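Please read the structure below before turning to the comments.
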Protein chains: 2
Amino acid sequence: MRLLIYRYMAGRDAAMALSDIENAFTKVDRTTLYRTLKTFEEKGVVHQIEDGTGISKYALCEPGCNCSIEQDLHLHFHCSNCGETVCLTEHKIPQINLPEGYLAEDVNLVVTGLCEKCST
Amino acid sequence: MRLLIYRYMAGRDAAMALSDIENAFTKVDRTTLYRTLKTFEEKGVVHQIEDGTGISKYALCEPGCNCSIEQDLHLHFHCSNCGETVCLTEHKIPQINLPEGYLAEDVNLVVTGLCEKCST
DNA sequence: CTTAAAAATGCACTTCCATTGCATTGCTCA
DNA sequence: TGAGCAATGCAATGGAAGTGCATTTTTAAG
């Protein structure tokens, strides 16, 4: 089952909500998905994305995606037209300067707008 | 009532969830808050913040906060210890380069970590 | 000042998603 | 083979966003 989920995610290039995967498999339970994705996340197989819609999305980590390492984070793009969220893995987040006393652990950068397909 | 809400928000320096304000006033209804904040947001009085917790936060716009203008967005800091989210208004978001065909409308940058108070 | 219209507020309800408890199934290894 | 653990499924819970409708308050016109 986990293999099926993994393969499904590998075949898609946009980030998926839990319900997206749920609809793709009629025979799998939401709880299984939820826990599978949680396990995947802990093992560094997927990373969770908050794109501002309030719905958690998940995407497979690319070979070079060291999402556990703070300085190697990529940005995410959310299309306001088609609703898809994609990882722009080649676009790294620039170094952020914080005020004195602040300690960064994680950086999340989401750009909203029109994607490749919807901007034309 | 809207004045009371405004004054309450002006007296706090961290972003507030709807439930935070609800707890501060025993006599106001959630719906009123919800719609008041929505109105405030439309009028440019407050801006909504998604700090990754999945709960929408709201903060008053500072005098120089032109949050409707794309290039003048500031970043937000979410403390993983105390849970507070603050606006770092003096820290502007750097220009982001997007791939060909992508059109940016909005940028959201949230840094998670330890805040001033919790890092010591 | 009176009254009608518009705006603001409150109550109840719905929906959606995340999360958890518990029972059941399936797998692994001694 | 059989005990133990991991994985799965079902059902229920909880929190937050959002909406329809009735009521109160404010505004403005006459």
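Protein chains get the first letters and strands the later ones, always in sequence-line order, with residue 1 at the start of each. Because the structure is predicted, anything quoted here is derived from the model rather than measured.
If you measure from atom CD1 of A:Ile21 to atom P of C:dA18, you get 11 Å, rounded to the nearest angstrom. If you take CG of A:Leu37 and C1' of D:dA7, they are 14 Å apart, rounded to a whole angstrom. Here the P atom of nucleotide C:dA8 and the CG atom of B:Leu33 are 15 Å apart, to the nearest Å. Look at CZ on B:Phe25: it is 15 Å from C1' on C:dT9, rounded to the nearest Å. What separates NZ of A:Lys43 from P of D:dA6 is a distance of 11 Å, to the nearest Å. For the pair A:Leu18 CG and D:dT8 P, the computed distance is 14 Å after rounding to whole Å. Counting to the nearest Å, the P atom of C:dC17 and the NZ atom of A:Lys38 are 18 Å from each other. As rounded to whole Å, 11 Å separates atom P of C:dC17 from atom NZ of A:Lys57.
Side-chain contact between B:Phe77 and B:His91 is absent, with no heavy-atom pair separated by less than 4.5 Å.
Of the candidate nucleotides C:dA18, D:dT8, C:dC11, C:dA18 has the atom lying nearest to any side-chain atom of A:Ile55.
B:Arg2 comes within 4.0 angstrom of the backbone, heavy atoms only, and of no base.
In terms of position along DNA chain D, the nucleotide closest to A:Thr39 lies nearer the 5' end than the nucleotide closest to the other residue of the pair A:Thr39 and A:Arg30. Taking for each of B:Arg35 and B:Gly54 the nucleotide of DNA chain D with the nearest heavy atom, the 5'-most of the two is the partner of B:Gly54.
Between A:Leu98 and B:Leu88, the closest heavy-atom pair is CD2-CD1, 3.9 Å. Of all non-hydrogen atoms in B:Ile49 and B:Ala59, the two that sit nearest each other are CD1-CB, 3.9 Å.
Dashed line: the shortest gap from a side-chain N or O of A:Thr32 to OP1 or OP2 of D:dG9 is under 4.0 Å. In this model, the phosphate group of C:dC16 is not approached by any side-chain N or O of A:Ser19 to a distance below 4.0 Å at OP1 or OP2. Distances shown here put every side-chain N or O of A:Thr31 at or beyond 4.0 Å from the OP1 or OP2 atom of D:dG9. Within the 4.0 Å cut-off from OP1 or OP2 of D:dG18, at least one side-chain nitrogen or oxygen of B:Tyr34 is found.
Residues B:Leu75 and A:Leu75 fall within the same hydrophobic cluster, defined by Ile, Leu, Val, Met, Phe, Trp and Tyr side chains chained together at heavy-atom separations under 4.5 Å.
The side chain to side chain donor-acceptor pair (under 3.5 Å) test with A:His78 is passed by exactly one of A:Thr112, A:Thr85, A:Thr53: A:Thr85.
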